[in-house]
Amino acid sequence: MNITFCCTDAAPEPWLQGLRAALPGADIALWAPGAPPADYAVVWAPPQQFFDEQPQLKAAFNIGAGVDALLKLQLPRQTQIVRLDDAGMSVQMAEFVCHAVIRHFREFDAYEADTRQGKWSFRKPQARADFPVGIMGLGVLGERVARALAHFEFPVKGWSRSPKVVDGVQCFSGTQGFKDFLAASRVLVCLLPLTADTRDVMNRDTLSQLQPGGYVINVARGAHLVDDDLLALLDNGQLAGATLDVFRTEPLPAEHPFWKHPKITVTPHTSARTLRSESIAQIAGKLAALQRGESVAGVVDRGRGY
Ligand code: NDP
Ligand code: OXD
């Protein structure tokens, strides 16, 4: 079995070594233009030339959960696209989102500002019941985040394309459930894949439907959010704040108003990082299953876009 590796943004050597250790029978090489045809690929943001020169691939393993960048390319028809499912990302996402929600709910920024001035002062505790958290996307990551927030006894709402049942979470689905979901949420967390249906989903109209004091946490993709609409709603007081980990252009350009906005916390697309050894173990397991003719989790439905 031949495997070609083409991942921009990842130092290739540790990946190649890890893949070789996990798949001792395989011939694994770093892709370069003109490389011989391989059976399988491990990719992240490869150039179009990669797929143009590798039309025979049986499967391409994406070393991330989101495949929006990959699906913009012309892909060989028979190549299965397999994304990471979890591989150590869901616990990171749960801690990131819980941290953002709790930091806002418990007003830790205000406490920090006070204590830095030597002030020993209390704030009136806010009622948890007044902080329903709505999660858009109840997939591998969204469901884990929903369960983690429910553990802290926040009222948790979830929205997905198809109907779901998740313990401790009030679930809504489809376009018909969206309005009710927004009206039931005060904090809005985006964990949707970026598709034609979900692009710009957080805009002036939808964000205005959140409960008073709305707070936005975007950990999915920058193009889910209309930047200017968020800024307008923060500036007119309709929204209380936002934590943003993903942006339309990354790195976030130096002149972007998000950097210095007093109600926005920016993090550099780090809420759930790809973990090399977990990812390699998952890819090796899936490759072995595919070789045995079994189906694997995380195969992308190109028509659906995720
Ligand atoms: P999944 O595919 O497991 O889950 C996607 C969820 O979104 C599903 O519940 C799906 O519904 C729902 N969904 C899709 N389209 C719609 C729609 N039109 N309306 C309503 N719900 C919809 O993905 P993951 O949980 O693994 O990952 C989610 C995203 O998180 C990734 O695509 C990626 O963009 C982002 N991500 C960000 C990271 C970061 O560091 N910031 C790291 C990793 C991922 P249904 O269940 O019915 O199919
Ligand atoms: C991913 C990401 O999609 O890192 O995995 O954003």
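All ligand and atom numbering here is 1-based and tracks the order in the structure.
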Can you list every ring-ring contact (aromatic ring centres under 6.0 Å, His included) pair that touches residues 65-92, not counting sequence neighbours?
-> none
Return yes if a side-chain donor-acceptor contact under 3.5 Å exists between Thr243 and Tyr215, otherwise no.
-> yes
Contact residues of ligand 2, where a non-hydrogen atom lies under 4.0 Å away = Gly64, Ala65, Gly66, Met89, Arg221, His269
If you measure only the distance, is there a donor-acceptor pair under 3.5 Å linking the side chains of His104 and Asp109?
-> no
Going by distance alone, is a donor N or O of one side chain under 3.5 Å from an acceptor N or O of the other, for Tyr40 and Gln291?
-> yes
Going by an N to O cut-off under 4.0 Å, is there a salt bridge joining Arg128 and Glu153?
-> no
Please check if any side-chain donor atom of Glu278 sits under 3.5 Å from a side-chain acceptor atom of Gln282, or the reverse.
-> no
Arg161 side chain to Tyr306 side chain, donor-acceptor N/O pair below 3.5 angstrom | yes
Common cluster, Val266/Ile217, ILVMFWY with side-chain heavy-atom separation under 4.5 Å = no
May I have a table of the N/O to N/O pairs between ligand 1 and the protein that fall below 3.5 Å, each row giving the two atom names and the distance to 0.1 Å?
{"from": "ligand 1", "atom 1": "3 (O)", "to": "Arg83", "atom 2": "NH2", "distance (Å)": "2.9"}
{"from": "ligand 1", "atom 1": "3 (O)", "to": "Val140", "atom 2": "N", "distance (Å)": "2.9"}
{"from": "ligand 1", "atom 1": "9 (O)", "to": "Leu138", "atom 2": "N", "distance (Å)": "2.9"}
{"from": "ligand 1", "atom 1": "9 (O)", "to": "Gly139", "atom 2": "N", "distance (Å)": "3.1"}
{"from": "ligand 1", "atom 1": "11 (O)", "to": "Arg161", "atom 2": "N", "distance (Å)": "3.2"}
{"from": "ligand 1", "atom 1": "21 (N)", "to": "Arg161", "atom 2": "N", "distance (Å)": "3.0"}
{"from": "ligand 1", "atom 1": "25 (O)", "to": "Val140", "atom 2": "N", "distance (Å)": "3.3"}
{"from": "ligand 1", "atom 1": "25 (O)", "to": "Leu141", "atom 2": "N", "distance (Å)": "2.9"}
{"from": "ligand 1", "atom 1": "26 (O)", "to": "Arg83", "atom 2": "NH1", "distance (Å)": "2.9"}
{"from": "ligand 1", "atom 1": "26 (O)", "to": "Arg83", "atom 2": "NH2", "distance (Å)": "3.4"}
{"from": "ligand 1", "atom 1": "34 (O)", "to": "Arg221", "atom 2": "NH1", "distance (Å)": "3.2"}
{"from": "ligand 1", "atom 1": "40 (O)", "to": "Ser271", "atom 2": "OG", "distance (Å)": "3.3"}
{"from": "ligand 1", "atom 1": "40 (O)", "to": "Ala272", "atom 2": "N", "distance (Å)": "3.3"}
{"from": "ligand 1", "atom 1": "40 (O)", "to": "Ala272", "atom 2": "O", "distance (Å)": "3.1"}
{"from": "ligand 1", "atom 1": "41 (N)", "to": "Val219", "atom 2": "O", "distance (Å)": "2.9"}
{"from": "ligand 1", "atom 1": "41 (N)", "to": "Asp245", "atom 2": "OD2", "distance (Å)": "3.1"}
{"from": "ligand 1", "atom 1": "41 (N)", "to": "Ser271", "atom 2": "OG", "distance (Å)": "3.0"}
{"from": "ligand 1", "atom 1": "46 (O)", "to": "Lys164", "atom 2": "NZ", "distance (Å)": "2.6"}
{"from": "ligand 1", "atom 1": "47 (O)", "to": "Arg161", "atom 2": "N", "distance (Å)": "3.3"}
{"from": "ligand 1", "atom 1": "47 (O)", "to": "Ser162", "atom 2": "N", "distance (Å)": "2.6"}
{"from": "ligand 1", "atom 1": "47 (O)", "to": "Ser162", "atom 2": "OG", "distance (Å)": "2.5"}
{"from": "ligand 1", "atom 1": "48 (O)", "to": "Tyr306", "atom 2": "OH", "distance (Å)": "2.5"}

Side chain to side chain donor-acceptor pair (under 3.5 Å) involving Asn203 - partner list, sequence neighbours excluded | Thr206
